[in-house]
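Reviewing the structure listed below.
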4 protein chains.
Amino acid sequence: MIEQPSATRGRPRDTKTHGAILRAAFTVLECEGYAAATIERIAAEAGVAKQTIYRWWKGKAPLFMEVLAHKAGQAIELPDSGSFKGDLTLLLTGTFAAVSTTLRPLMRALAAELLQDDDFAETVRDVFVRRRRANVRSLVEKAIGRGELPVETDPELICDIVFGTMWYRLMFDHSPLDKAAAEQLAAAANAAAVYATK
Amino acid sequence: MIEQPSATRGRPRDTKTHGAILRAAFTVLECEGYAAATIERIAAEAGVAKQTIYRWWKGKAPLFMEVLAHKAGQAIELPDSGSFKGDLTLLLTGTFAAVSTTLRPLMRALAAELLQDDDFAETVRDVFVRRRRANVRSLVEKAIGRGELPVETDPELICDIVFGTMWYRLMFDHSPLDKAAAEQLAAAANAAAVYATK
Amino acid sequence: MIEQPSATRGRPRDTKTHGAILRAAFTVLECEGYAAATIERIAAEAGVAKQTIYRWWKGKAPLFMEVLAHKAGQAIELPDSGSFKGDLTLLLTGTFAAVSTTLRPLMRALAAELLQDDDFAETVRDVFVRRRRANVRSLVEKAIGRGELPVETDPELICDIVFGTMWYRLMFDHSPLDKAAAEQLAAAANAAAVYATK
Amino acid sequence: MIEQPSATRGRPRDTKTHGAILRAAFTVLECEGYAAATIERIAAEAGVAKQTIYRWWKGKAPLFMEVLAHKAGQAIELPDSGSFKGDLTLLLTGTFAAVSTTLRPLMRALAAELLQDDDFAETVRDVFVRRRRANVRSLVEKAIGRGELPVETDPELICDIVFGTMWYRLMFDHSPLDKAAAEQLAAAANAAAVYATK
DNA sequence: CTTTAATCGAGACGGTACGTCTAGTCTTTGG
DNA sequence: CCAAAGACTAGACGTACCGTCTCGATTAAAG
């Protein structure tokens, strides 16, 4: 969203309109692809004036950011299985499930945007990189505390391995992001942490 | 390129023109970004008619594919240091060096396209995934032959770890793709192969 | 014009823009000729986006039709000198004066179009033939009423003689369309009506 | 045609090609209209290189001039029925027959061109106006010699009446150019000459 | 029997304009 | 003061022809 002007005066913002736009954006993206999801097309789908979209979002990309926030809304709760590999497997299984179904078109669309717009990339980095990595980092720290991983373990490397692979498969579609992938990756990350740290 | 019609009849193709277009495409991409690199802009930069571009390429994306082929022309020679980790480190160091400098804008541009066009994605997959992975696979096989890696080693996992991380950093720019990254990743991949295989 | 959608809602049509386009079209036609009067050139001259022209007119020809209507706007009032020859002379003198000065480039341009586009020809016929002929026909009828012309007088023949000659000279420019021409033609038409009717 | 360089040396002009171009031009004009009769289309139809057309004609208009000359080839022989009205009727009947059938698309196409190109108009005037008028003028002179028409008869007026009407109907198609039209026009022209001369 | 000069086909080329499209902005009416 | 409708500017899209050009392959007459 752009602004939050005077809350009391004049006609209040139509909450239905706001939701309709988010829903329309997602529908068009799913059914007709990102290229077809023009502001005009979304406005038509939502039964809303173009200007109403431009009033609240700077463009296509920020709009879809909010759609994503809406869809991926609920915070992921960190698992606690007792082992690092188990925790990571559970975290990845959940993440991959969402990312390879509902969120897939959204993630790909936003990735396409951030590759072309550095300002947008900066915004997205927070959500797509820092926030996700924080989850993994806390798993790593917990495992270090338990003495399961060496204290020198670099959580960044673990993150690169698991999320790098996730994005790689999301982009090129050469292999699925299923439960088996989550398990294999968790095992690999664990091995890397234990044996490859200097 | 689209076609290669009659070789002898008619005015021969102007090779200078062809090169000028590739060069102009790269220049505009570097200096003004992918969004600004319209066919019209490239044609102007190359001092060439738009139609001449459309005659030989279907659009922006295939044109930049050829630019990439041109820039990344020479085949990467596989290193032979005696150890898997050493080989992989050398391979990644070279690859990362190219990918994080000259090829960077090209790779990002082509990634943005493939995320939006499934037909194009299919074409690109060959170059960006299959071909690159083949290099890693042969390193793995050599190491298995030497008894350095277990016979069950999954080369696909190794590929996902190293190239996943490469694309991840290429996209989000959160960490550099330097020599240290190559070494760290090689170590991690080695550990995963040795210790994480069932 | 193409359409006249909802009259009330939305931003109303900008009358300045509309007028500027008509004026620009006429200016370019006068100064640079019909061939140079491309939609793009007219849009530039009017300081208007191409799309604004395409929104309201189907193309060059309908646009110039409206320019003509604008220029030749005021209805020609039928003269009443007492004699058929006198009336016809007055009508032709006025018509020829307009047609050989201001309207000349317009008439020639529209003639060129109608010769190449049958649909457009049909539209134009109403304005250029039926409407003009109606004026002459009423003069003929009045003269028949006065007993000045025989009842069998064919008004179509009179029309062909006077307007045929007008267009002929407008096209080939071999003789002027001046007062003398009007008088001579009126006399000829009168003689033909009186003496050549079966 | 443009030029006739050195007659003897080099490969002689291919007469089949020349004919094929004229035939193709006429065919495309008849079947697809003047707008579709581009040089490129005609060249394709004739199975000829574009350059071969540009070598011999300056453009579309001069090419179609030669097509007309080819079609309207044989000189019209002046009739001699004994009376001016009879002669004129015969002349017009023949002229109208040709002009409203085979020559119709050609005449319309050339008229469209001359309205847009003053240089071309000058060339055409000779063929379309002066030459045709000469025929009528000699009929008038013969009639004056016979004492059938007054010595002051203005042949130009007669020409304007008959050819003006002819072009007028050719352009707007509001009435046919048949035998009846020839007779009616001849009568009108005769009456105008006899009774309307000063 | 080779040279020389011109024609012809094919088609690449730099251009211009086409008519369509989308992005954003602006300007009304109406709730 | 917001929302809807829609007119507007700006400019890229891909297409069609323009007229010019550069080829190799013919085709004669001249040497």
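To find a chain, count down the sequence lines: A is the first, B the second, and so on, and within it residues start at 1.
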Within-4.5 Å side-chain heavy-atom neighbours: C:T123 and C:D119:
no
Shortest non-hydrogen contact from B:A37 toward B:F64:
CB-CZ, 4.0 Å
Test side chain to side chain donor-acceptor pair (under 3.5 Å) applied to B:Q116 - qualifying residues, sequence neighbours left out
none
CZ of B:R55 versus C1' of E:dA10: gap in Å, rounded?
12 Å
Using the ring of C:Y34 (Phe, Tyr or Trp, six-membered ring only), decide whether C:K60 places NZ or CZ under 6.0 Å from its centre and within 45 degrees of its axis.
yes
Are any non-hydrogen side-chain atoms of B:I42 and B:L63 less than 4.5 angstrom apart?
yes
Quiz question: going by heavy-atom distance under 3.5 Å, is there a donor-acceptor pair between the base of F:dG19 and the side chain of D:K50?
yes
In whole angstroms, how far is the P atom of F:dC18 from the CG atom of D:L63?
12 Å
Taking C-beta and beyond as the side chain, do A:K71 and A:F26 meet within less than 4.5 Å on heavy atoms?
yes
Length of the line joining A:K60:NZ and E:dA23:C1', which is rounded to integer Å:
10 Å
Residue list, side chain to side chain donor-acceptor pair (under 3.5 Å) with A:E40, at least two apart or on another chain
A:K50
Taken to the nearest whole Å, NZ/A:K16 to P/E:dG31 is 17 Å
Quantified as the angle between the terminal helix axes (five pairs each), what is the overall bend of the helix from E:dC1-F:dG31 to E:dG31-F:dC1 to 10 degrees?
10°
Rounding to a whole Å, what distance do you find between D:R13:CZ and E:dC8:P?
7 Å
Report yes if some heavy atom in the side chain of B:T52 is under 4.5 Å from a heavy atom in the side chain of B:D14; otherwise report no.
no
Atom pairs and distances, donor-acceptor, side-chain atoms in residues 103-112 of chain A, under 3.5 Å, two or more places apart:
| unit_1 | atom_1 | unit_2 | atom_2 | d |
| --- | --- | --- | --- | --- |
| A:R104 | NH1 | A:D173 | OD1 | 3.1 |
| A:R104 | NH1 | A:D173 | OD2 | 3.4 |
| A:R108 | NH1 | A:L170 | O | 2.7 |
| A:R108 | NH1 | A:M171 | O | 3.2 |

Please work out if A:G59 contacts a base, only the sugar-phosphate, or nothing of the nucleic acid, heavy-atom cut-off 4.0 Å.
nothing
Could you check whether the side chain of D:Q51 and the base of F:dC21 have a donor-acceptor pair of N or O atoms closer than 3.5 Å, going by distance alone?
yes
Taking all non-hydrogen atoms of both residues into account, name the closest pair between D:A36 and D:V28 and its distance.
O-CG1, 4.1 Å
Quick test: give all pairs of protein nitrogen or oxygen and nucleotides 24-31 of chain F nitrogen or oxygen below 3.5 Å, distance rounded to 0.1 Å.
| unit_1 | atom_1 | unit_2 | atom_2 | d |
| --- | --- | --- | --- | --- |
| F:dT26 | O2 | D:R11 | NH1 | 2.9 |

Steps toward side-chain contact (heavy atoms from CB on, under 4.5 Å) verdict (B:W57, B:E66):
CA-CA 9 Å; B:W57 295 277; B:E66 196 172 329; 2.7 Å; yes
For C:W57 and E:dT20, what is the distance between atoms CH2 and P respectively, to the nearest whole Å?
16 Å
Within the 4.5 Å heavy-atom criterion, are C:R13 and C:W56 side-chain neighbours or not?
yes
Counting side-chain heavy atoms from C-beta on, which of E:dG14, E:dC13, F:dC18 comes nearest to D:Y54?
F:dC18
Please report, rounded to the nearest Å, how far the P atom of E:dA10 is from the CD1 atom of D:I53.
12 Å
Measuring to OP1 and OP2 of F:dA3, would you say a side-chain N or O of A:W56 lies under 4.0 angstrom away?
yes
Residues from residues 20-43 of chain D lying under 4.0 Å of DNA chain F - heavy atoms:
D:T38, D:I39, D:E40
Counting any heavy atom closer than 4.0 Å, what does A:T52 reach on the DNA or RNA strands: base, sugar-phosphate only, or nothing?
sugar-phosphate
